[in-house]
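Given the structure is predicted, the values throughout are model-derived calculations rather than measurements.
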Amino acid sequence: ADPIYRQRLSKFLEALYEHYKDNPMVETVEIRGFGMWGEWHHGYEYETKQQRVTVLHDIIDAYVGAFEDSGKNLVVSCSWDPDYTSTGAYSNGYSEEEAYQNYVSWSGFDHAFRLDNVSYRRDGAASALNFKLDERLMAEAFRAGKRVPILGEYANNWGNINSPGSAYTLESALNDLLFKIRPNNSTTLNWVAVDLASIIERGDTDFIDRGNTMMGYRLAVEEALFPTAVSAGSEFTVRTTWTN
């Protein structure tokens, strides 16, 4: 909320816009800057929740305003914030539903999703998802049918996955990403892909092939037509219309 920060942010966004606005290789710009690693959690402790909400709305609006003439998509990095909406919130008088709504509204995610070209990125697949909050948000974004990419992060690493007692394999960790975040694009293994070269050298690339095959599809049924009654042993036709 500091006016000097707002001034510097405006200058930064102007430079970013000018640099990338005409680059056809850049489809999506990610809104970072708030919280640890810019992942929109563990951020500054505002005096009130309403002040936090107002500021985060303003930051989202600043990015959208800066890029509104570019045709680029924008995504908000989203993850649950223990400082505001941890699972401990359930024991602080909030029901599970109230905790989820707090998570969405206190982080400005509801505001972001109402904007035409804004979507979400969720970091931490296969290591740090909070399924009562993050997975539901991703599921609702998927079912909404909004045609803006969802981004993900395959955050675990080869060492953890192959350590004794690991809950994941390379492929099951990938499934965590594919079916709980449903991203159109994602980082490869580990958040900066430091493990990928050694995995390729070992020839353990089946999960990469699977990711390349499965990534990006967000198929939704638009229409399903079928008879209201059929007789046993007879044939009938079901007609469906899908969109990606």
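Within 6.0 Å of atom CZ in Phe179, more than 12 heavy atoms from other residues, nucleotides or ligands are found, so the atom counts as buried in its surroundings. Other residues, nucleotides and ligands contribute more than 12 heavy atoms inside 6.0 Å of the CG atom of Leu225. Residue-environment remark: CZ (Arg8) stays at or below the threshold of 12 foreign heavy atoms within 6.0 Å. Counted within 6.0 Å of CG on Asn162, heavy atoms from surrounding residues, nucleotides or ligands total more than 12; the atom is thus considered enclosed. Around atom CD of Glu30, more than 12 heavy atoms belonging to other residues, nucleotides or ligands sit under 6.0 Å away.
Val55 and Trp40 end up in the same hydrophobic cluster when Ile, Leu, Val, Met, Phe, Trp and Tyr side chains are linked at under 4.5 Å. Met214 and Leu129 fall within the same hydrophobic cluster, defined by Ile, Leu, Val, Met, Phe, Trp and Tyr side-chain heavy atoms under 4.5 Å apart, directly or through other members. Grouping the Ile, Leu, Val, Met, Phe, Trp and Tyr side chains by contacts below 4.5 angstrom, directly or via other members, places Leu178 apart from Phe142.
Distance check: Ile59 CD1 to Ile31 CD1 gives 9.5 Å after rounding to the nearest 0.5 Å. Here the CZ-NE2 distance, from Arg114 to His57, works out to 6.5 Å after rounding to the nearest 0.5 Å. For the atom pair Arg202 CZ and Trp158 CH2, the distance stands at 4.0 Å (nearest 0.5 Å). Separating the OG1 atom in Thr188 from the CZ atom in Phe207 is a distance of 7.5 Å, to the nearest 0.5 Å. Note that the CG atom of Asp2 and the CG atom of Leu9 stand 11.5 Å from one another [nearest 0.5 Å]. Between the CZ atom of Phe131 and the CG atom of Asp176 there is a distance of 4.5 Å, given to the nearest 0.5 Å.
The residues Arg32 and Asp123 are annotated as salt-bridged, a charged nitrogen and a carboxylate oxygen being separated by less than 4.0 angstrom.
With no hydrogens or angles considered, no side-chain donor-acceptor pair links Ser163 and Ser166 at under 3.5 Å. Thr243 and Glu222 are linked by a side-chain donor-acceptor pair at a separation below 3.5 angstrom, with hydrogens and angles left out of the test.
Across Val148, Val75, Leu137, Leu151, a single residue satisfies side chain to side chain contact (heavy atoms under 4.5 Å, CB included) together with Tyr120, and that is Leu137.
Remark: the backbone N or O of Gln51 is paired with a side-chain donor or acceptor of Thr48 at under 3.5 angstrom. A donor-acceptor contact shorter than 3.5 Å links the side chain of Asp134 to the backbone of Trp80. Looking at Lys146, its side chain never comes within 3.5 Å of a backbone N or O of Ser119 through a donor-acceptor pair.
Counting only heavy atoms from C-beta outward, the side chains of Val76 and His111 never approach each other to under 4.5 Å.
Between Tyr103 and Phe109, a ring centre-to-centre spacing shorter than 6.0 Å is recorded.
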